Amino acid sequence: MHQTLAGFISGAVSGIIMGLISDILFRLHIFKSSLFAVDGSFLFRTLRLKENPPFLYASGLCIHLITSGIFGSIYAVATTLFGFDSLSFLFVCLYIVMLWLSMLFIALPIAGEGFLGKKSGPLTWLEQLFLHAIFCVLYYLCLRVLL
């Protein structure tokens, strides 16, 4: 399988599972937010639409699927371009840490969740670390299967 496609599929699969875990833990009142709800709310707010829960979650799931796949592809392309071993767990971990930090300092504030996601709660950074750790392991395992 082509490395870029393997990266996209691995990212998409890992991102959806990450999002489902986030949503389940939110519904169990363990987490303070759901990634699908945050992504969907951002879209609805950006387009100035009235929030509709079923469409909000569906759009959030689609956004999360696409962005996870794209970030998975970026890793695959970057490791190929720079001649790194794409199946190095260390490189995967470093990349996911970079994604986690980007989410805390860029994506969550842009999505309206505030610096480090504090609008959702004071431990959002820790929730995101947990979710990104899951993403990291799943992404690595998917890459190993597909490549």
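Fair warning: this is a prediction, and the values are worked out from it, not measured in the lab.
When the shell of 6.0 Å around CZ of F105 is examined, it contains more than 12 heavy atoms from other residues, nucleotides or ligands.
Between I134 atom CD1 and C136 atom SG the span is 11.0 Å, to the nearest 0.5 Å.
Ring geometry for Y95 against Y75 counts as tilted: the plane angle lies between 30° and 60°, on a 0 to 90° scale.
Heavy atoms only, all atoms of each residue included: F44 and E51 are closest at CD2-CA, 3.6 Å. Taking every heavy atom of both residues into account, L104 and P109 meet most closely at O-CD, 3.4 Å. Here the shortest heavy-atom pairing between S34 and S22 reads CA-OG, 3.4 Å.
I16 is not connected to V145 by any chain of hydrophobic side-chain contacts under 4.5 Å among Ile, Leu, Val, Met, Phe, Trp and Tyr, and they are in different clusters.
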* To do: Let me see the working for F26 and F31 under ring-ring contact (aromatic ring centres under 6.0 Å, His included), right down to the final yes or no.
  => CA-CA 4 Å; F26 172 68; F31 277 14; 9.2 Å; no
* To do: Begin with the C-alpha distance, continue with both residues' side-chain angles, and end with the deciding distance and a verdict on side chain to side chain contact (heavy atoms under 4.5 Å, CB included) for L131 and L35.
  => CA-CA 10 Å; L131 292 170; L35 291 175; 3.9 Å; yes
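For the side chain to side chain contact (heavy atoms under 4.5 Å, CB included) with F84, the lone residue among T79, L94, L90 that qualifies is T79.
A donor-acceptor pair is defined here as one N or O able to donate and one able to accept, closer than 3.5 Å; such a pair exists between the side chain of Y139 and the backbone of G72.
Every residue two or more places apart in sequence or in another chain was checked for a salt bridge (Lys or Arg N to Asp or Glu O under 4.0 Å) with R48, and none qualifies.
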